[in-house]
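Chain naming here is simple, since letters A, B, ... match the order of the sequence lines and numbering starts at 1 in each.
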Amino acid sequence: EPEVTQTPSHQVTQMGQEVILRCVPISNHLYFYWYRQILGQKVEFLVSFYNNEISEKSEIFDDQFSVERPDGSNFTLKIRSTKLEDSAMYFCASSGALGVMNTEAFFGQGTRLTVV
Amino acid sequence: GDSVTQMEGPVTLSEEAFLTINCTYTATGYPSLFWYVQYPGEGLQLLLKATKADDKGSNKGFEATYRKETTSFHLEKGSVQVSDSAVYFCALSNYMDTGRRALTFGSGTRLQVQP
């Protein structure tokens with residue numbers, strides 16, 4: 001069964017450093033997302049990406065964040081200068097095969113980011 | 001904006017007990033509704049979904065019915081097992097009304113099933 005894969009599973013970084021979280025969405029999906037879940041809290045939407053551009057972003061997704069689809073398979077989230085409060089589980093998701101209207105999203109296993 | 005409200009946990013049940021986790025939503029139009037499950041140390045998995053009023057989603061013995069009149073999508077299971085221990089998230093997507101594909105999640109409800 002196709003799945004969304006994320007790497008690494010756990011990343012520890014020093015405050016102020018840049019991190020890149022990587023995702024390989026399901027191959028025939030057209031819409032890609034990043035969500036985050038701070039420990040013990042709800043899952044929060046960060047950004048959605050379609051047709052090589054951001055289609056929607058939340059107020060959390062400020063200038064320190066960026067997304068990119070550098071090739072035909074990877075989808076990355078970059079955090080330019082990490083802060084302690086960026087520590088969270090980051091989930092990548094994809095949805096929407098061509099011609100399919102439903103919005104069911106498939107999630108990866110997540111990357112746990114710890115900023116120290 | 002759209003929102004999802006779930007009952008607070010943790011919910012602690014004995015094996016074979018009946019489970020209900022309440023979920024209500026606020027949204028314009030007719031959103032699609034989902035339950036996702038997060039097992040310990042794992043990511044989010046879609047458990048079931050319903051895309052229109054009165055639809056019943058079901059999977060692995062879990063059921064939820066889309067009730068437009070009460071804006072609810074309560075999750076039920078007749079007989080829980082220890083392996084059902086997880087965090088359950090109710091979510092909605094309101095694409096048809098807002099053009100927004102992103103999911104709005106509830107706060108999650110932790111279920112603990114004791115042998």
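Of the listed residues (A/Ser55, A/Ser95, A/Ser94), just one forms a side chain to side chain donor-acceptor pair (under 3.5 Å) with A/Tyr33, and that residue is A/Ser95. Looking at A/Phe106, A/Phe49, A/Tyr50, A/Phe75 one by one, the single match for ring pair (Phe, Tyr, Trp, His ring centres under 6.0 Å) with A/His29 turns out to be A/Phe106.
Looking at A/Gln37, only its side chain comes within 4.5 Å of chain B, counting heavy atoms on both sides. With a threshold of 4.5 angstrom between heavy atoms, B/Gln38 approaches chain A through side-chain atoms but not through N, CA, C or O. Heavy-atom distances place both the backbone and the side chain of B/Leu44 under 4.5 Å from chain A.
The aromatic rings of A/Phe107 and A/Tyr35 lie tilted to each other, with the angle between the two planes from 30° to 60°.
Annotation for A/Asp63: atom CG does not count as buried by contact number, only 12 or fewer foreign heavy atoms lying within 6.0 Å.
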